[in-house]
K.L.:
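Handing you this structure, nothing more for now.
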Amino acid sequence: MKQSFFYGLVLTSIMSLSLIGCTKKNAGTTGAETQSSDDSILVGEVGSLTGPEATFGISTNKGIKLAFKEINDAGGINGKKLELITLDDQGKPEEAATAVTKLITQNKVSAILGEVASGRSLAMAPISQQNKVPMITPSSTNPKVTAVGDYIFRVCFIDPFQGTVMAKFAHDTLKAKKVAVLRDVKNDYSVGLADFFIETYKKLGGEIILDKSYSAGDIDFKSQLTAIRAKHPDAIFVPGYYTDVGLIARQARELGIKAPLLGGDGWDSPKLQEIGGKAVNGSYFSNHYSAEDKSPHVQSFIARFKAMNNEIPDGLAAMGYDAAMVLAASMKSAKSLSGPDIKEAIAAVRNYQGVTGNISIDADRNAIKSAVVLKVENGAFKYQTTINP
Ligand code: PHE
């Protein structure tokens, strides 16, 4: 039921997306053999363009496309144009694995961008690693993703940091003494982030009064929320993805729970407030970027993105853009466009000025970056604070 409700919501997006993948050679949709050539470099993207996390894939794709356009307009990679093939995984790990296999074995892409969700990046990473095709996830934050091997990179922070950010925010800023947790047990990201949050929050002296779970795609959260209500928490940490969180917020308010909900980057979607309505107002989440950041670098990106897409970029779009730019810069500096050489170049990235902050790839192939905390307020995500690593 929830699924069809959701697919209804994204129908328009799906229709406009049917054009994606219809590159000149149509490799994404027909499976025709395509590979990097004398005048082009093929890059594969795997994302959730449909399904319950469709905005993750759609936004990321827009960010990547803007980056590729800017790079190609400026002459490409040492004269070669970047060409993108995007495959939809519908938000399913099995589909993500199939898609990356196809991109590598049939399309012979030089590198992979994606996925957003850690669970899907974890399904893809062993395949990239085995085939020596470098993969950069823009925004998968679970530590296990890059631990898969030396071909797997990310341009975002990881969840031990993100969990700490929200634990400190709950304890120091909100002065919450008792917090309940509601995690998605089907989601590697959610499970990890819940654990990291709890670890720090307890260290700070806070009390976790209840740790409840649900499974992605559930539509009724009343029993967990009723148990949580009985414990009178000062805040509830819900590190899930936006569709579930929107429904959870609604049901929490229906049950009379007034405590603010707290979450992580998985909340970042324009759909959060569409699904959650007023129920998500007054909640807080950690994220990679704020559109309210006044720095000229960010505001210029927003203006260029708006000119292309007629909308304000969310965090995913900014991360997709940064991931694509880091890949392009690495390809420019690589000794050759072989997998091993591109991998070496990505590993050597230091102080790249991204839209989402300064990106240096560390020894574990992660980026050490600051996080922002945003407040959900009547249709907007209001910047609260920046927290440095
Ligand atoms: N960090 C999330 C994960 O690893 C994905 C995500 C990133 C979602 C940024 C929204 C915004 O699963």
Side-chain angles (χ1 to χ4, degrees), residues 46-49 51-64 89 91-93 96 113-125 135-148 152-166 183-197 216 237-246 262-273 275 280 284-291 312-323 354-357 365-367 369-374 376 381:
V46 180
S48 53
L49 302 174
E53 288 116 36
T55 71
F56 288 174
I58 293 168
S59 290
T60 304
N61 177 258
K62 287 177 182 163
I64 293 174
D89 60 28
K92 299 173 185 160
L113 292 171
E115 232 268 6
V116 167
S118 291
R120 298 193 283 274
S121 286
L122 280 167
M124 292 162 56
M135 165 175 150
I136 303 180
T137 165
S139 41
S140 287
T141 45
N142 187 281
K144 288 182 285 182
V145 174
T146 46
V148 168
I152 316 300
F153 300 87
R154 77 179 105 220
V155 293
C156 55
F157 53 66
I158 55 174
D159 287 331
F161 172 63
Q162 186 169 204
T164 298
V165 165
M166 286 317 282
R183 65 172 89 199
D184 175 359
V185 280
K186 284 238 189 92
N187 179 336
D188 299 285
Y189 153 79
S190 186
V191 170
L193 187 50
D195 287 343
F196 297 125
F197 172 89
F237 188 57
V238 193
Y241 292 151
Y242 63 90
T243 302
D244 297 327
V245 171
L262 310 178
D265 55 354
W267 286 28
D268 185 15
S269 170
K271 297 272 182 221
L272 176 76
Q273 303 186 69
I275 298 166
V280 286
Y284 300 88
F285 66 103
S286 47
N287 205 3
H288 305 269
Y289 134 108
S290 165
I312 308 247
D314 60 13
L316 279 314
M319 299 300 290
Y321 180 86
D322 278 354
V355 171
T356 59
R365 297 169 299 284
N366 303 321
K369 290 162 75 189
S370 54
V372 293
V373 178
L374 305 177
V376 185
F381 294 148

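Computed from a prediction, not measured in an experiment: that's the story for all the values here. When a ligand or atom number is given, it counts from 1 through the structure's own listing order.
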K.L.:
What atoms of ligand 1 come within less than 4.0 Å of a heavy atom belonging to Ser118?
P.N.:
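Reading through ligand 1 atom by atom, the close ones are 3 (C), 4 (O), 12 (O).
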
K.L.:
Which residue and atom name correspond to the protein heavy atom nearest atom 6 (C) of ligand 1, and how close is it?
P.N.:
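The protein heavy atom lying closest is Val116 CG1, 3.5 Å.
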
K.L.:
Short list, please: which atoms of ligand 1 are under 4.0 Å from a heavy atom of Ser139?
P.N.:
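Counting atoms of ligand 1 from 1, those under 4.0 Å from Ser139 are 1 (N), 2 (C), 4 (O), 5 (C), 6 (C), 7 (C), 9 (C).
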
K.L.:
Flag Thr141 as yes when one of its N or O atoms lies below 3.5 Å from any N or O atom of ligand 1, and as no otherwise.
P.N.:
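N/O-N/O distance below 3.5 Å exists for this pair.
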
K.L.:
Short list, please: which atoms of ligand 1 are under 4.0 Å from a heavy atom of Ala117?
P.N.:
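That gives atoms 12 (O) of ligand 1.
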
K.L.:
For atom 12 (O) of ligand 1, what is the closest protein heavy atom, and at what distance to 0.1 Å?
P.N.:
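The closest heavy atom on the protein side is Tyr241 OH, 2.5 Å.
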
K.L.:
Between the main-chain N or O of Val116 and the side-chain N or O of Ser140, is there a donor-acceptor pair closer than 3.5 Å?
P.N.:
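Here the side-chain-to-backbone pair exists.
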
K.L.:
State whether the side chain of Ser48 and the backbone N or O of Glu53 hold a donor-acceptor pair below 3.5 Å, judged by distance alone.
P.N.:
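Looks like yes, one N/O pair under 3.5 Å.
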
K.L.:
Go through ligand 1 atom by atom and flag the ones less than 4.0 Å from a non-hydrogen atom of Ser140.
P.N.:
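That gives atoms 4 (O) of ligand 1.
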
K.L.:
Give the atoms of ligand 1, by number and element, whose distance to some non-hydrogen atom of His288 is under 4.0 Å.
P.N.:
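Going through ligand 1 atom by atom, the ones under 4.0 Å from His288 are 9 (C).
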
K.L.:
Could you give the distance from OH (Tyr321) to OG (Ser59), rounded to the nearest 0.5 Å?
P.N.:
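Answer rounded to 0.5 Å: 16.0 Å.
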
K.L.:
Within the side chain of Arg183, is there an N or O that forms a donor-acceptor pair under 3.5 Å with the backbone of Ala194?
P.N.:
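It does not hold such a pair.
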
K.L.:
Against Arg154, only a single residue in Thr137, Thr141, Asn366, Asn142 fulfils side-chain hydrogen bond (donor to acceptor under 3.5 Å, both in side chains); can you say which?
P.N.:
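Output: one option passes, namely Asn366.
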
K.L.:
Should Asp265 be counted as touching ligand 1, given the test is an N or O pair under 3.5 Å?
P.N.:
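Yes.
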
K.L.:
In Å, rounded to the nearest 0.5 Å, how long is the span from OH of Tyr241 to OG of Ser269?
P.N.:
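Tyr241 OH to Ser269 OG: 12.5 Å, rounded to 0.5 Å.
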
K.L.:
Relative to the ring of Phe197, is the ring of Phe237 parallel (under 30°), tilted (30 to 60°) or perpendicular (over 60°)?
P.N.:
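Plane angle under 30°, so parallel.
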
K.L.:
Find all atoms of ligand 1 within a distance of less than 4.0 Å from any non-hydrogen atom belonging to Leu316, and give their numbers and elements.
P.N.:
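Counting atoms of ligand 1 from 1, those under 4.0 Å from Leu316 are 9 (C), 10 (C), 11 (C).
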
K.L.:
Within the 4.0 Å heavy-atom shell around Phe56, which atoms of ligand 1 are there?
P.N.:
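Going through ligand 1 atom by atom, the ones under 4.0 Å from Phe56 are 8 (C), 10 (C).
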
K.L.:
Hey, can you tell me if Phe285 and Phe381 have their rings parallel, tilted or perpendicular (30° and 60° cut-offs)?
P.N.:
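Taking Phe381 first and then Phe285, their aromatic rings stand perpendicular (interplane angle over 60°).
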
